[in-house]
**Student:** 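So that we are looking at the same thing, I have put the structure below in structure tokens.
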Amino acid sequence: MAEKSGADILVECLVDLGVEVVFGYPGGAVLPIYDALYNHPTIRHVLVRHEQGATHMAEGYARSTGKPGVVLVTSGPGATNAVTGITDALLDSIPMVVITGQVPTQLIGTDAFQEADTVGITRHCSKHNYLVKTPGRLAEVVHEAFHIATTGRPGPVVVDIPKNVQIATAPYARPELKVHASYRPQTKADAAAIDAAVEMLAAAERPILYTGGGVINSGAQASALLRELAALTGAPVTSTLMGLGAFPASSDQWLGMLGMHGTYEANWAMNQADLILCVGARFDDRVTGRLDAFAPNSRKIHIDIDRSSINKTVDVDLPVVADVASALDDMIALWKQRGHQRQDLSGWWARIADWRAKRSLSYPETGEEIMPQRAIADLYQACVATGKDVIITTEVGQHQMWAAQHFGFEAPNKWLTSGGLGTMGYGFPAAIGAQMGNPDSITICIAGDASIQMNIQELGTATQYRLPVKIFILNNEYMGMVRQWQELTYESRYSNSYSDSLPDFVKLGEAYGWTGIRIEGPQDLESGIRQMLDTPGPVIVDCRVAKLSNCFPMIPSGAAHTDMLLDPNQIAGIMSDEAKALV
Amino acid sequence: MHIQEELSQRHVLSLTVSNEAGILARIAGLFTARGYNIDSLTVADITDDHAISRITIVTSGPPKVIDQIIAQLDRLVPVHKVTDLTEAGPFVERELALVKVAGVGEDRIEALRLADVFRAKVVDTTIGSFIFELTGTTEKVDNFVALMRQIGLVEVGRTGVVGLMRGKEAN
């Protein structure tokens, strides 16, 4: 059999695995791989400006297409710069394969130039990782890496390849998939669990479906099945930040997002429900609020593909370890087979109507300045009016929560945000990755003035690849969420939360060949948004919004769902040390 | 404000894992990363082809934490099986200790007498010292070491616990 170099074997594997795009940055320890990619006929390489950007682009690509994102970086600083994105993908269960160069095997451990212990550093922020010490092992490792990244609970897998392994040769034939015998994600639910779940759901008087990112990860089929189950049961549906879009926001069964900045009706319905069906969510601390007051009178069913998510923070009555689509399919089949009819939930819906009447997402408007919520709502309306497919990414902070609250998502894979790790600097590169995977969609990064600066260097990447991404900055000249917490807990001592020395975003965009638009006040809002959407290339919008707006509703840390703050007048300014100690 | 601690229980976990580079770091690191306790950890390969290792971990924590530890270990790719011996039924646990004791005269005779009671073997001797080899449960080793401390304990080496389920079945 003809021998190939490790670099050629790697590239051959990527082709065999259907990889079309690689996000990366060259360097000494990956030069052989870059040479193998030179003028490659099918694999497109996107040259980023910083390796963290590459990882978030891969995440955006993966989240919007359902395919794994692929990253290629060099040893040492290349790998360490990728660590934030790898961790982000782990916390949000994003399928990603990160290929890192390493110093040659004989130099490992000698503090060689650009040497870092990449497998050591990424061991606990990846789903799995490998150091490949011989080219003969490379093909099976790469195939296994993609399998592990994309199956079970998806996540990032790191493959560290020393430079001499990229150059040395080995016989190559497309390998049979050999996976660790110990890797066996459970995708099909136990029949008894499905039976019990269906009976509990059929008997519930105040049910609620609490859904999360697992529905999105499970594929489009899972979202369709969720809609079917909701229709069969008539139950209200709420979702975590990560699950938005799995259930249509236009449905009258939709309660909005739950949790710290969720709606009044979603959080009260969770508190008062007699049955919570958790579908691919994980009872995160942003969702539960104070644990001992969380949904105290309900029985809980938890569908999750990862057994370690079950009973981690909240004890449930019925665990269902399975892939969401598979479990929902089984439940719906059994529901129909048993001939269950939907319960009369009119009393439950009447209570929900009362909570909805609080209009918890309303906000005051003077007409003199743009309220950030209004900017999102107008952006949403303008996007709907285009009739085109729209993908929204966000950075992290107040703008992220306002986007989650005021932008309506109708379909999965259209909302890309950093939920678990809360990575400022995620949204813009994620938008670039999403645009690469969805060239015909309108891709908009909703950003804040502070977080957009965390990966602002990627402006050049979008220019280079002619990607028409839009950046919509809600500019209030603050790290708004930090400032909001300082108001809440530290008597408005704004320690280092003012964005001093902001760049002129319009000129900055123009310097990179973008179109820059500034929206100064309410009179410019509609036309500015329309201009952004109508301009063919990349556009950066500096939308000046009310500086001191805060994000409501809010469950302060350490509080119960029933202790929501609905407006600024309820801000206390002082908190107990126990509450302060929570994140 | 003061940090609250929860009551812990001791559990012996037995794992079979693929014997590959980094597996021990993966497991030990999981414990530190998630704030779990390790009281002892032993590892050695147990198959003809050296492909599988058994790791025995003695840990402690509230029941919910023990359950999480097992679930977290189980989802590591190279981990084949995790058994909580403490929960799974009767099991045997042993550790081996080497205990060096120095002394002359009556102390020396008393050390030998106690070693006999504990069925410890003398594996090294000089005019002024012994090294005893002792196997048993952690408690038995603790007791022996405590007695030797009164006589003239010099130093101790312990393997940590290994354990297996009782009965004829493989676990």
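When reading the values below, keep in mind they use all heavy atoms of this one structure, side chains included, and skip hydrogens, waters and symmetry mates. These numbers were taken from a predicted model, which means no experiment stands behind them. Labels below follow one simple rule: chain letters A, B, ... track the order of the sequence lines, proteins then strands, and each chain is numbered from 1.
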**Student:** Heavy-atom count around A:Glu176 CD within 6.0 Å, excluding the residue itself: above 12?
**Tutor:** no
**Student:** Can you say whether B:Ile70 sits under 4.5 Å from chain A via the side chain, the backbone, both, or neither, judging by heavy atoms?
**Tutor:** both
**Student:** Looking at A:Leu177, I want to see if its CG is surrounded by more than 12 non-hydrogen atoms of other residues, nucleotides or ligands under 6.0 Å.
**Tutor:** yes
**Student:** Passes side chain to side chain contact (heavy atoms under 4.5 Å, CB included), B:Phe118 versus B:Met148? Steps please.
**Tutor:** CA-CA 12 Å; B:Phe118 278 80; B:Met148 290 300 146; over 6 Å; no
**Student:** Select one option (side chain, backbone, both, neither) describing which atoms of B:Val77 are under 4.5 Å from chain A's heavy atoms.
**Tutor:** both
**Student:** Heavy-atom distance under 4.5 Å to chain B: side chain of A:Asp306, backbone, both or neither?
**Tutor:** side chain
**Student:** Do NZ/NE/NH1/NH2 and the carboxylate oxygens of A:Arg153 and A:Asp304 come within less than 4.0 Å?
**Tutor:** no
**Student:** Should the pair A:Arg123-A:Asp117 be classified as a salt bridge under the 4.0 Å nitrogen-to-oxygen rule?
**Tutor:** no
**Student:** When only pairs under 4.5 Å are counted, which of B:Val17, B:Asp74, B:Asp67 shares the most heavy-atom pairs with chain A?
**Tutor:** B:Asp74
**Student:** Answer with side chain, backbone, both or neither: which region of B:Gln72 has an atom nearer than 4.5 Å to a non-hydrogen atom of chain A?
**Tutor:** both
**Student:** Decide side chain to side chain contact (heavy atoms under 4.5 Å, CB included) for B:Arg26 and A:His128; before the verdict, give the C-alpha distance in whole Å, the side-chain angles of both, and the deciding distance to 0.1 Å.
**Tutor:** CA-CA 10 Å; B:Arg26 225 176 265 289; A:His128 195 52; 3.6 Å; yes
**Student:** For A:Ile310, which atoms come within 4.5 Å of any heavy atom of chain B: side chain, backbone, both, or neither?
**Tutor:** backbone
**Student:** Can you tell which part of A:Ser126 gets under 4.5 Å to a heavy atom of chain B, answering side chain, backbone, both or neither?
**Tutor:** neither
